[in-house]
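Below, all heavy atoms of this structure are taken into account, side chains as well, without hydrogens, waters or symmetry copies.
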Amino acid sequence: MNRPVAQVFAFVSDLRHDPQWWAGVRSAERLRGDGGVGTLYELDTSLLGVRDRIHLEVVAQQPPLHQTVVVRRGRLPYTARYEWAELAPGRTRFRLVAEVVAARPWSWFGPLFSPLLSAVARRHFRRLPAAVEAATTG
C-alpha cells in the first residue's frame, strides 16, 4: 500500500475503523483503554451470515510493527495478529494472521479458519488503501 507504515498502523490498529474497510463489521466502539495493550473494543459483526457482538482485547502491541487481539466474548474464539512492515519510504505491507482457539466446540474449525479468513481478508484488504487515504487526507 502506498502509505507510510505509521499511518497504516494508526488506522488499522484502531479497530473503530474496521467498519470502513472490513465488510463484515457493522459498527465498532472502544469500551476502555487508549488503543494500546488492555484496550477493549466491541464490534457488531457478521461472519458467514451469522451476526455476533464480540469483544476484542489488545493483548500485545509494538507500534508500528504488530498488534495482537484476542476475542474475550463472542461465538468464535480467535486470536488475530496484525503485522506491518515498511517496504520502502511511503510503502507498507500489512498482514493478518488469525487462529481459532482450540476450545470445544470450535477446535474442529481451527484448521479451516485460518485459510478461510486469509481468503476473506484479501478481499477486504482491497478496500483498505482507499479507507486509509480518506482518513489521512480528509
Side-chain angles (χ1 to χ4, degrees):
M1 154 177 342
N2 292 323
R3 302 302 292 172
V5 69
Q7 284 182 353
V8 180
F9 176 87
F11 183 82
V12 177
S13 68
D14 185 343
L15 302 185
R16 294 176 296 179
H17 295 131
D18 281 11
Q20 296 171 41
W21 67 279
W22 194 274
V25 180
R26 297 166 185 248
S27 67
E29 68 176 285
R30 188 184 290 167
L31 299 178
R32 72 164 189 254
D34 61 3
V37 173
T39 298
L40 186 67
Y41 294 92
E42 181 178 69
L43 281 67
D44 181 2
T45 66
S46 179
L47 178 64
L48 302 174
V50 178
R51 195 163 176 188
D52 196 10
R53 277 196 153 329
I54 64 172
H55 284 186
L56 288 168
E57 182 178 2
V58 177
V59 296
Q61 188 180 74
Q62 182 184 358
L65 302 176
H66 68 82
Q67 174 176 284
T68 302
V69 296
V70 173
V71 172
R72 294 298 187 203
R73 186 180 87 192
R75 291 187 178 136
L76 182 64
Y78 66 88
T79 299
R81 180 176 168 91
Y82 300 86
E83 299 172 347
W84 296 267
E86 183 177 58
L87 300 176
R91 282 202 38 85
T92 300
R93 182 189 73 213
F94 170 59
R95 189 176 146 201
L96 168 63
V97 179
E99 270 181 33
V100 171
V101 177
R104 292 189 165 214
W106 299 106
S107 56
W108 62 271
F109 195 57
L112 301 174
F113 184 69
S114 196
L116 173 66
L117 184 60
S118 292
V120 169
R122 278 191 299 277
R123 188 180 72 209
H124 295 311
F125 285 0
R126 288 194 290 267
R127 298 173 60 183
L128 186 55
V132 173
E133 178 75 22
T136 57
T137 61

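- Heavy-atom contacts from other residues, nucleotides or ligands closer than 6.0 Å to CZ of R26 number more than 12.
- Note that CD of E29 and CZ of R16 are 10.0 Å apart. Values are rounded to the nearest 0.5 Å.
- Here the CZ atom belonging to F9 is positioned 9.0 Å from the CD atom belonging to Q62, to the nearest 0.5 angstrom.
- L87 is not listed as a side-chain neighbour of T92, based on a closest heavy-atom distance of 4.5 Å or more.
- The salt bridge (Lys or Arg N to Asp or Glu O under 4.0 Å) search around R30 returns D14, not counting sequence neighbours.
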side-chain contact (heavy atoms from CB on, under 4.5 Å) between V12 and W22, worked out: CA-CA 10 Å; V12 177; W22 194 274; over 6 Å; no
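- Taken from CG in L43 to CD1 in I54, the straight-line distance is 5.0 Å, to the nearest 0.5 Å.
- Electrostatic pairing of E57 and R73 does not count as a salt bridge here, judged by no charged N lying under 4.0 Å from a carboxylate O.
- Contact annotation: the side chain of S13 approaches that of W84 to within less than 4.5 Å [non-hydrogen atoms, C-beta and beyond].
- Taking every heavy atom of both residues into account, G36 and V58 meet most closely at O-CB, 3.5 Å.
- Considering every non-hydrogen atom in both D52 and L76, the closest pair reads OD2-N, 4.3 Å.
- Ring geometry, F11 versus H17: the interplanar angle falls under 30°, so the pair is classed parallel (tilted spans 30 to 60°).
- L40 belongs to a hydrophobic cluster with L31, counting contacts under 4.5 Å between side-chain heavy atoms of Ile, Leu, Val, Met, Phe, Trp and Tyr, direct or through other members.
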Check the pair R81, L96 against side-chain contact (heavy atoms from CB on, under 4.5 Å), reporting the backbone distance first and the verdict last. CA-CA 6 Å; R81 180 176 168 91; L96 168 63; over 6 Å; no
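- The pair E133-R3 counts as a salt bridge, with a side-chain nitrogen and a carboxylate oxygen less than 4.0 angstrom apart.
- The two residues A6 and P64 have their closest heavy-atom pair at CA-CB, 4.3 Å.
- There is a side-chain donor-acceptor pair under 3.5 Å between E42 and H55.
- Using bins of under 30°, 30° to 60° and over 60° for the plane-to-plane angle, the ring pair F94/Y82 lands in the parallel bin.
- Residues satisfying the side chain to side chain donor-acceptor pair (under 3.5 Å) criterion with Q61, sequence neighbours excluded, are Q67.
- The two residues L15 and A28 make their nearest non-hydrogen contact at O-CB, 3.3 Å.
- Rounding to the nearest 0.5 angstrom, the gap separating the CG atom in L56 from the OH atom in Y41 is 9.5 Å.
- Taking 4.5 Å as the limit, some side-chain heavy atom of D34 sits within range of a side-chain heavy atom of T39.
- The distance from atom CZ of R127 to atom CD of Q20, rounded to the nearest 0.5 Å, is 9.5 Å.
- The shortest side-chain heavy-atom distance between R72 and V59 falls under the 4.5 Å cut-off.
- Nearest heavy atom pair, residue R53 against residue D44, reads NH1-CB, 3.1 Å.
- Here the closest non-hydrogen pair linking G90 and E86 is N-OE2, 4.3 Å.
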